[in-house]
Amino acid sequence: MEKKTLRDLRPGERAVVAALAGEPLSKRRLADMGITPGVSVFMRKAAPFGDPIEISLRGYELTLRKSEAENVLLGEWGKGVGPWLTESR
Amino acid sequence: MGKGSGALAYRIALIGNPNCGKTTLFNLLTGSSQSVGNWPGVTVEKKVGRVKGRGGELELVDLPGVYSLSPYTMEEVVTRDYLIAERPDAVIDILDGTNPERNLYLTLQVMELGLPLALAVNMMDEVAARGDSIDCRALGELLGAPAALISARNGRGVPELLKITEDLAYGRLQNSFHIRYDAATENALNQILFVLMSAGPADAPLPKNYSLPFCASKLLEGDDSVAGAIGLSKEKKREIAAILSDYERKNRPGTRETLMADARYRLIARIAREAVSRRRDPRELTLSDRIDKIATGRWTAIPVFFLVMLGMFACTFGGPGEFLGRLVETAISGLGGLLSSALDFAEAPAWVRSLFLEAALGGVGGVLSFLPQVSLLFLFLSVLEDSGYMARAAFIMDRLFRKIGLTGRSFIPMLMGFGCTTPAVMAAKGMAGERERRLTILLTPFMSCSARLPIYGLFAGIFFANYQGLVIFSMYLAGMLVAILCGLLLKGVVCPSESSAFVMELPPYRLPAPANLALHVWEKCRGFLIKAGTVIFSMSVAVWFLQNFGPPFRPVEAHTESFFGIFGRWIAPIFAPLGFGNWQSSAALLVGLIAKESVVSTLHIVFGAEGIAAHFTPISAFSFMLFCLLYMPCVSAFVTIKKELGSWAGACRNALFQTAVAWFVSFAFYQVATMISHLAGGGPPAREAASVAFLFAGCGLVALALYFSYKFLRNFVRGGDSGGCAGCPMRESCEKRRPP
């Protein structure tokens, strides 16, 4: 299966973040804003001109560009991403 | 209890995410006792105020809103450095109660610093309205820091917050932080702590301000700036690198940048499960969601955006603003009458009369009549900001702004530029990318600031009485067009790479707090009044002197013999091809550098009442307006730009660029419009109509003028852009990279 990124998500779809790609600085930025592996994101909409996009995660709304969304790799529940999602104590 | 070096009061720092209500709480606590300055070395706004506690006065420092203590933005660096270097006596961390998860992320990092910490869970009215609840006790116990539920909008819970903060500052109350991450993270943190604490022969001692847990977690995040700040030896760096790669290899996928963040968020999820209860299904639409369906909807966003902008402009520069402006004018002319009869009574000599009535009252009064519009504009801008629409506007406009090399966040400085260039340029400081920030600072002055409005008002009233509104509107349009064209031209020049990060929260819509708005508008108006009372007043007197006196410091009969006449004549030829080669206009433009609105008062003084109509034609008047719109901003904006760019050379380059653009645009407009009006022929009314009709065509000529100067600009900006690709985050992947 081809690697899916946040960019490919259509409005109204929900997915789980599998990993972040890109430069350390931008990775940390995304992680600081709560986009970490395992988090569930909901694609709300794209801006009227098609870019940036608005997602919701952890109970708030975040906007990011498609070029940044490309660095957010998605996975599917139970397919390699699932096990460590559940709280491990 | 003794206090260190010269500090009089206990210092309390306010910290929190953007949009968490931090400023509202700060305003509520300090009221009018606050003073606004800048953090040393940077242009991030620093607000300090005083609050009366039970045990005496406390000094409150409002730290910039940040999401994290990473050294990523200027705000984050300022906040981090302040907390580490200054070690305030207590920290109040304000959390948005409607979104505790994201806000607690910062809390955990602040806790690592080991400062006395009080938690203020804000927006509790909103939380209650949603049917949610937060267990303040549980939250405090889970984190080991006392918490208070507050609502900064109506002041509920704030006395309790103040009490626990005081107790913490005085040492009557102690935190007992317990942060426990997952086993792998704790293990790695402990290993790093062990390395930090073991002293080798080559090790510098840890600076005493740095707390070990903070250093450990930042090192685990791969934050190299901490390693540098605490002077880590090579050997220890190697040991820590080994711990990091071991940590990355452990069970969970991810890298050092994400693993620590992930560990924090997982801890937060655990805390939230115990302390926060939500009644509502998170998928149910809130009011904010419903507003967003329209405000950022695919088809409705743009119309709504333009309606909002139009409404704002219509109110500020249309009926209501004008009405208030006339009221002030009436008051001033009444004052003038009083002053005039008082001078008559005192039998003052003619020159004293002229000094008071023409210079002082004429100059300052003309500017004061403009105060209502300035305050209305700032009121609207604050409403947009506080309500959360500003962030949406950035979201909507990002794509378009990116086309001209800016980001959606440039929209906010640009919009504020319509009010005043000075705060607008300062608003650019929060932007992530250095390239976009510089470009925004360069282009923002093209947004016609409110000080330029009286100039348009003056000329439009005299030459375009029938098309007044249209002509003024065309000025705003021309400014935007020029900015777009310059952006397009410079985009490929400064550093032709991809734009930097645009990751931004869209806060829920909120009703702005009236007290906040009032305070904000008052702050801006006070600045404006001080400017009118000091800079503009002294400039008016100086102008009056320069045009009534000539060498060697003697009163002159004819203005042409005055200092102004002489200097104006020197530079006037430069403006001859633009249609206003008389010394009076040149002198007015020079004075306009001090404050653009004084162009009007200067023209009034040097031309007298009827002189303007005699010295300009509609076309040259429009050309003059274009030049006023585009040439370098006033001194206060210039100084701000210097501060933002960090060098006089950069500021001068900006000013030179803007003035050159102004000259080209006015030149192109004047020449073409004159040609066309000659071809069209006809009397003055026809010419008036013709020039209005070609205004918009003139805007197109801007493009032409810029196109021909493109090559020149290219070299100009490249030569000056000393940073090159060095500061560009994309330099590794950039194909157009050029050698430094």
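In what follows, every chain begins at residue 1, and chains take the letters A, B, ... in the order their sequences are listed.
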Quick check for you: to the nearest 0.5 Å, what is the distance between [X] atom [atom1] and [Y] atom [atom2]?
{"X": "B:R399", "Y": "A:R65", "atom1": "CZ", "atom2": "CZ", "value": "10.5 Å"}
{"X": "A:T63", "Y": "B:F395", "atom1": "OG1", "atom2": "CZ", "value": "5.0 Å"}
{"X": "B:E101", "Y": "A:Y60", "atom1": "CD", "atom2": "OH", "value": "11.0 Å"}
{"X": "B:T296", "Y": "A:E54", "atom1": "OG1", "atom2": "CD", "value": "5.5 Å"}

Query raised in the report: Is there a donor-acceptor pair closer than 3.5 Å between any side-chain N or O of A:R28 and the backbone N or O of B:E257?
Result: no
**Report entry** Any donor-acceptor pair under 3.5 Å from B:Y265 side chain to A:D32 backbone
**Finding:**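 Indeed, once roles are kept as given, a pair shorter than 3.5 Å links the two residues.
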Requested in this report: Look at A:K27 together with B:E221 and state whether they make a salt bridge at an N to O cut-off of under 4.0 Å.
Outcome: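 Looking at A:K27 and B:E221, the cut-off is not met.
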Query raised in the report: Charged N to carboxylate O under 4.0 angstrom, A:R44 versus B:D292?
Result: no
Report task. Using a 4.5 Å cut-off on heavy atoms from C-beta on, say whether the side chain of A:D51 contacts that of B:R402. Result ->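 Answer yes - side chains close enough.
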Requested in this report: Identify, with sequence neighbours excluded, every residue that meets side-chain contact (heavy atoms from CB on, under 4.5 Å) alongside A:I53.
Outcome: A:L6, A:M43, A:A46, A:I55, A:L64, A:K66, A:A69
**Report entry** Passing candidate, side-chain contact (heavy atoms from CB on, under 4.5 Å) with A:P52, options B:I396, B:D398, B:T407, B:V503
**Finding:**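 By the side-chain contact (heavy atoms from CB on, under 4.5 Å) criterion, A:P52 pairs with just one of B:I396, B:D398, B:T407, B:V503: B:D398.
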Query raised in the report: Where do A:R29 and B:E76 land on the salt bridge (charged side-chain N to carboxylate O under 4.0 Å, His left out) test, with the steps shown first?
Result: CA-CA 12 Å; A:R29 180 75 173 171; B:E76 284 167 354; 3.7 Å; yes
Query - A:L20 portion near chain B, given a 4.5 angstrom heavy-atom threshold - result: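 Just its side chain gets close to chain B.
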Taking side chain as everything from C-beta outward and backbone as N, CA, C, O, which of these in [X] sits under 4.5 Å from a heavy atom of chain A? Side chain, backbone, both or neither.
{"X": "B:K293", "value": "backbone"}
{"X": "B:E186", "value": "neither"}
{"X": "B:T300", "value": "neither"}

Report task. Please report the shortest heavy-atom distance between A:T36 and B:T258, naming the atom on each side. Result ->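 Of all heavy-atom pairs spanning A:T36 and B:T258, the closest is CG2-O, 4.1 Å.
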Query raised in the report: Which heavy atom in A:P48 sits nearest to a heavy atom in B:A301, and how many Å separate them?
Result: CG-CB, 3.2 Å
Query raised in the report: Between B:S68, B:S288, B:P507, which has the largest tally of heavy atom pairs under 4.5 Å with chain A?
Result: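 The answer is B:S68.
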Requested in this report: Identify, with sequence neighbours excluded, every residue that meets side chain to side chain donor-acceptor pair (under 3.5 Å) alongside B:Y181.
Outcome: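 With sequence neighbours excluded, B:Y181 shows a side chain to side chain donor-acceptor pair (under 3.5 Å) to B:E112, given in chain and number order.
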